[in-house]
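Since the structure comes first, as structure tokens, the remarks are kept for the end.
Chain A is the first sequence line, chain B the second, and so forth, proteins listed ahead of strands; every chain is numbered from 1. None of the values given here were measured: they were computed from a predicted structure.
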Number of protein chains: 2
Amino acid sequence: MNEGWQIPTIAVAVDLVVLTVRSEMLQVLLVERGVEPYQGRLALPGGFLSSEHEDIDSAASRELSEETGLDAGRLHLEQLGAYGAPDRDPRQRVLTVAYLAIVPNLPEPIAGGDARSAQWTPVTKLGRRRNALAFDHSRILADGVERARHRMEYTTLATAFCPAHFTIADLRRVYEIVWGETLDPRNFHRKVKGVADFLVPTGEMTSKHGGRPAALFRRGTAEILHPAILRGGAN
Amino acid sequence: MNEGWQIPTIAVAVDLVVLTVRSEMLQVLLVERGVEPYQGRLALPGGFLSSEHEDIDSAASRELSEETGLDAGRLHLEQLGAYGAPDRDPRQRVLTVAYLAIVPNLPEPIAGGDARSAQWTPVTKLGRRRNALAFDHSRILADGVERARHRMEYTTLATAFCPAHFTIADLRRVYEIVWGETLDPRNFHRKVKGVADFLVPTGEMTSKHGGRPAALFRRGTAEILHPAILRGGAN
DNA sequence: CCAAAAGTGTTCAGACTACACCCATGG
DNA sequence: CCATGGGTGTAGTCTGAACACTTTTGG
């Protein structure tokens, strides 16, 4: 490190891939850009650090709260990585640190903190077009979705999509929708109940649907799934 | 994004977790710091972006070439993530993007590009002490090691530790040393030969050791292991 | 011939799949 | 009483762990 020369400094931003399951689809929270560049285009929510001293994790947590109106401390939030191509922002050099957030199905309107209108958009609607979103956000979104799909195989991440109390069928639908596969309800049921500390029965029952009432569960203390629930080849 | 205010800019660095297997141990490339802060302490190799316009991936690749003297294009190099705690560098705010590099056992001296003396150090020697390295580099190293261990389960990353031609026993020793487990040689042999496009026989044989000569292989085109080689419970 | 390492075959236990079957509700 | 979804049982198959055994070298 030749400390004698001038160290270049660049702007640092934080962007969020906020995923949820709504209307039987995997959806992502997007905002419409109000200013150039990419004015009018959809983009991931995010922003620059609010001060020279703000921690990047804190900035992500703050943005998540602002956009969803929820307490970020209770939601799943993990870093995806840094995206630092020199030309990714035409104005000036901006390095962004992307985060993946998983939230349960929210009441409906997001009611963002600032004027931007945040909206849920099905991931499949965006297709695989590389320029569906502003900047390199299509790439970041793809990385986030793949991370979520992968994590669900061997961690309890899927429960982050569910409300506090949920049925095993709810959990299975999360897997099916995020993975885009159908799973055998019977085998899935047995499998998740066999994983220690994954699900804790609340004792309550649902009565909504036309069938037999289902038992309600809440997340257990487990973080790692043993054995894993693997994609490809129905479970 | 309220673009009307002053956007804070901060210095961006790149740090490398360069791992190899030497002398039957997992070792990491470290440099001794010549200047404050942490003068005389061991740290991960790395440095600031060389210019305002250098890509972060290119910067990592450049640092790797400088430190190892090898063509980074042939080595495994992947991003670990961004580390941006505001107080991680006492001088000024520095956000670092950490990269994981896996290299085969090198001839011996590293012969770094600049004056710093790079040296291989067994990861176990550093223990789990949080302050064995300068800055937050102990944490970054731990994350890098865990990433490497995890990737070896379901990708062909282990071959990156091996020279161009290697035996199945060489590959198994990589797994054993990185994971700190012993694997059954017979089952391991059958398992890796069963994965399509993982290993390509060269037709050559070794004759070094006291036992039966082993066939030599080189990496195949596969990147993903199907089925995976899982830790915990001997294979 | 013996030690050592490579490589193959076989057995047993546990996990996954597929599907038959029963349970509990609403209409 | 039938449709719908929840939940359990079970047989066949597949995978992985353990280990006996053969092969091929060096000393």
inquiry  = Using heavy-atom distances to pick each residue's nearest nucleotide on DNA chain D, tell me which of G211(A) and I168(A) is more 5'.
reply    = G211(A)
If you only use heavy atoms from C-beta on, which nucleotide in [options] is closest to the side chain of [X]?
X       : options                  : answer
P213(A) : dG6(D), dT25(C), dA6(C)  : dT25(C)
R173(B) : dA6(C), dT17(C), dT8(D)  : dA6(C)
K191(A) : dG6(D), dC16(C), dG7(C)  : dC16(C)
N187(B) : dT8(D), dT17(C), dA17(D) : dA17(D)

inquiry  = Just to verify, which of D136(A), D143(A), T96(A) counts as forming a side-chain hydrogen bond (donor to acceptor under 3.5 Å, both in side chains) with Y83(A)?
reply    = D143(A)
key: Audit row: R231(B), E153(B), salt bridge (Lys or Arg N to Asp or Glu O under 4.0 Å) steps and yes/no   = CA-CA 7 Å; R231(B) 279 180 283 180; E153(B) 290 188 313; 3.3 Å; yes
inquiry  = Please check if the number of heavy atoms outside H226(B) that lie under 6.0 Å from its NE2 is greater than 12.
reply    = no
Roughly, in whole Å, what's the span from [atom1] in [X] to [atom2] in [N]?
X       : N       : atom1 : atom2 : value
E181(B) : dA18(D) : CD    : P     : 12 Å
R186(B) : dA6(C)  : CZ    : C1'   : 11 Å
D184(B) : dA6(C)  : CG    : C1'   : 13 Å
H226(A) : dG16(D) : NE2   : P     : 15 Å
L216(B) : dA5(C)  : CG    : C1'   : 14 Å
F188(A) : dG5(D)  : CZ    : P     : 17 Å
L171(A) : dG7(D)  : CG    : P     : 12 Å
E204(B) : dA6(C)  : CD    : P     : 17 Å

Could you pull out every donor-acceptor pair under 3.5 Å between side chains of residues 158-170 of chain B and any protein atom, sequence neighbours left out?
unit_1  : atom_1 : unit_2  : atom_2 : d
T159(B) : OG1    : T156(B) : O      : 2.7
T167(B) : OG1    : A169(B) : N      : 3.4
T167(B) : OG1    : D170(B) : N      : 3.0
T167(B) : OG1    : D170(B) : OD1    : 3.4
T167(B) : OG1    : D170(B) : OD2    : 3.2
D170(B) : OD2    : T167(B) : N      : 3.0

Exercise: identify the closest heavy-atom pair between D15(A) and G47(A) = OD1-N, 4.3 Å
inquiry  = Can you tell me whether the side chain of R212(B) and the base of dA6(C) have a donor-acceptor pair closer than 3.5 Å?
reply    = yes
request  = Please evaluate the base of dG9(D) for a donor-acceptor partner in the side chain of R190(A) within a cut-off of under 3.5 Å?
outcome  = yes
query = Does H189(B) have a side-chain nitrogen or oxygen under 4.0 Å from the phosphate oxygens OP1 or OP2 of dT8(C)?
reply = yes
